[in-house]
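This report refers to the structure that appears directly beneath it.
Chain letters run A, B, ... following the sequence lines, proteins first and then strands; every chain starts at 1.
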There are 2 protein chains.
Amino acid sequence: MPEVTHNPVTPLPRGSGIREVARLAGVSIATVSRVFNDAELVNPETRQRVLERAATLGYEPSSLGRNLVRGRSDLLGLIVPNVSFPLYGEMISGIEDVLGQRGMSVLLASSHDEAASELLAAQHLLRHTVDGGIVVNSQFDAALPAPRSMNWIYVSPEHVKFPNRVELDNGAGGRLAARELLRVGRRHLAYIGAPGRESQDRERGFTDELCQAGLSYRRAGGDYSELSGTWAAEELLDNGAALDAIFVAGDLMAAGVLRALHRRGLRMPEDVAVVGFDDSPLAALLYPRLTSIRQPAYAMGAAAAELSLRLIAGLSAEAESVVFLPELVRRESTGPP
Amino acid sequence: MPEVTHNPVTPLPRGSGIREVARLAGVSIATVSRVFNDAELVNPETRQRVLERAATLGYEPSSLGRNLVRGRSDLLGLIVPNVSFPLYGEMISGIEDVLGQRGMSVLLASSHDEAASELLAAQHLLRHTVDGGIVVNSQFDAALPAPRSMNWIYVSPEHVKFPNRVELDNGAGGRLAARELLRVGRRHLAYIGAPGRESQDRERGFTDELCQAGLSYRRAGGDYSELSGTWAAEELLDNGAALDAIFVAGDLMAAGVLRALHRRGLRMPEDVAVVGFDDSPLAALLYPRLTSIRQPAYAMGAAAAELSLRLIAGLSAEAESVVFLPELVRRESTGPP
DNA sequence: TTGTATGCGTTATCAC
DNA sequence: GTGATAACGCATACAA
């Protein structure tokens, strides 16, 4: 655990508390508390008077005190690999929207896709006593630390060993891609994958569908980056064998594939059709617009948040997992503009 | 203020507290507290013993109690229009990295570029007693509520009336764009803008530079969306007058411009050169790769965080603002591939 | 160097 | 309906 430079202890000027409101309204602090919680239990007149004084003082119940006595912080920890990645942004929106309705907030931390900083992030969040946590695309090979009855929700397929997961049916995605490419009459297909279980599953689905059609395919590998997509595509093209369709494991890598095809003067989709994966906002901005397998990131985030909320409420101590189905989003790279 | 359904009050099972550690280590809770704070003031042996017991119990000081007594939460509120926008993602990274070093965390909320939900988000964050706050691209026309001595940092140029700002010199960006287009020999320029002060400033810089060169320019308007870029570009092209360069107020809108030019069979940069703004990750993925005016989002986020930290520490009660200079990032859309 | 005692702002359990 | 008062987990002034 690294040394954390703690800020100089300049206690913040405290606002007016429940006591001052009580004094001004001529009631006890207990009554003030009730006004802000179980509003029904208090005399309307008293209630009114308290509310007025509170307003003039600018008083709001401090969550600090409230949290202490309730033993919960109304905070949910969230670890994502990278905030700049639009897909994760959508996920965060889903989480946020669900939490907002319950008066809870998102405490954010980034893992940069590294196990070490993921652990650091988790400890960071734990120190703030989050009530629950969601970790997206965890790289940490063990369970994240979770004191008390705190629970982590894993959004990724890699952690079959952990109980609470939200995942995408990547195999189904691969099948969708294959069917689309067959539908537009392609027979010489290729897959550009990347390391990791997700790509494996996508490829397996892709393969299954091709087998059924009695077709073989070629393959090349990248690392989800644009450049690696370009290289992989060039490798396939240089090989010389016929090629009229490419399924790529990620949209960013697909952007690289499009670039390689542009360079060779190949037309899309006439000469080569391309299907990407994720349907990140990027897909619709590429040239040509990229047909992609949509990962319902917002819904997955929302589901993760709801799962976490249920766990926090103690409603389901049971392990629970949700599997989402991807969808084909058809665009120019496999069809007419 | 909308009704917020508060979660059923299932107090979380509490972990072992400072008392239990103290008992097991045979010391007082004060000593345990000291071990976790001013480590020097305590006997090495005692310290060791306490640390051991704490470890076996899995004890960590609860931030709930600590925050209450210190009157600070070590939380910084952050309001962004939209987490899915990569530029804001970079900003968040900058903020996060600065805060992480001080043991503070980011409490996230989205404004969706609406004044109403921005206010809601602010109240949401305030309820969690954040020590400070950063609001990116605020749409709220008054100052955000700020009880006690809490401060908001505004990251945007619209709020000259508020004291603490981090902003970009948009005028300088416009000048950079004009100079680049003149450098590559263009004489028939156009600007595609959008509502708001940012676009105005960018245009003014652009204009200044053109005036100096004795050139006039044409203009069209959009709303930062891709589609509006396409429309604006088509409007300019339909006009019939000569056109060999377009400066666009945002990268997303520039993507739409590129699409319009593709449709007309115009080559870039040979027929028309294009410069975007922001240099979001998207810029380098477009076809052709887009020359853009870089907004140093990471650095701006970091600066905002540092400013906020200084305010929280009470080091500078003074108003402070930081202005960043944009940079030209030259790519295919204005030069050779 | 360590222990005792107080208070931080709130909710909750009793009485009344 | 309302008021005392005891927690909640911790940091710290003061005493030892």
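Side-chain rings of Phe36(B) and Tyr59(B) approach one another, their centers coming within less than 6.0 Å.
Side chains of Tyr298(A) and Asp97(A): a donor-acceptor N/O pair is present below 3.5 angstrom, by distance only.
Summarising the geometry, the separation between CG on Asp74(B) and P on dA11(D) is reported as 12 Å, rounded to the nearest angstrom. The interatomic distance linking Ile18(A) (CD1) with dT11(C) (C1') rounds to 8 Å, in whole Å. As a whole-Å value, the separation of Glu20(B) CD from dC8(D) P is 13 Å. In this structure, CZ of Arg72(B) is placed 18 Å from P of dC10(D), rounded to the nearest angstrom. Following rounding to the nearest Å, Arg19(B) (CZ) and dG3(C) (P) show an atom-to-atom distance of 15 Å. A straight line from CG of Leu64(A) to C1' of dT11(C) spans 14 Å, rounded to a whole angstrom. Straight-line distance from the CZ atom of Arg23(B) to the C1' atom of dG9(D): 16 Å, rounded to whole Å. The distance between atom CD of Glu60(A) and atom P of dT10(C), rounded to the nearest whole Å, is 11 Å.
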Audit row: His112(A), Val80(A), side chain to side chain contact (heavy atoms under 4.5 Å, CB included) steps and yes/no:
CA-CA 8 Å; His112(A) 307 292; Val80(A) 292; over 6 Å; no
Taking N or O atoms only and anything under 3.5 Å, show me the protein contacts with nucleotides 1-3 of chain D, one pair per line.
from   : atom 1 : to       : atom 2 : distance (Å)
dT2(D) : OP1    : Thr46(A) : OG1    : 2.5
dT2(D) : OP2    : Asn43(A) : N      : 2.8
dG3(D) : OP2    : Ser28(A) : N      : 3.0
dG3(D) : OP2    : Ser28(A) : OG     : 3.2
dG3(D) : OP2    : Thr31(A) : OG1    : 2.5
dG3(D) : N7     : Arg34(A) : NH2    : 2.8
dG3(D) : O6     : Arg34(A) : NH1    : 3.4

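A salt bridge does not link Glu320(B) with Arg165(B): every distance from a Lys NZ or Arg NE/NH1/NH2 to an Asp or Glu carboxylate oxygen is 4.0 Å or more.
Atom CZ of Arg23(A) and atom CD of Glu20(A) lie 5.5 Å apart (nearest 0.5 Å). Between Ile95(A) atom CD1 and Ser105(A) atom OG the span is 13.0 Å, to the nearest 0.5 Å. To the nearest 0.5 Å, atoms CE (Met104(B)) and CG (Leu76(B)) are separated by 5.5 Å.
With dT10(C), dA11(D), dC8(D) as the candidates, the nucleotide lying closest to the side chain of Leu68(A) is dC8(D).
In terms of phosphate contacts, Ser62(B) brings no side-chain nitrogen or oxygen within less than 4.0 Å of OP1 or OP2 of dG9(D). Regarding contacts with the backbone of dA11(D), a side-chain N or O of Arg66(B) is found under 4.0 angstrom from either OP1 or OP2.
If you check every strand for non-hydrogen atoms under 4.0 Å, Phe36(B) touches nothing.
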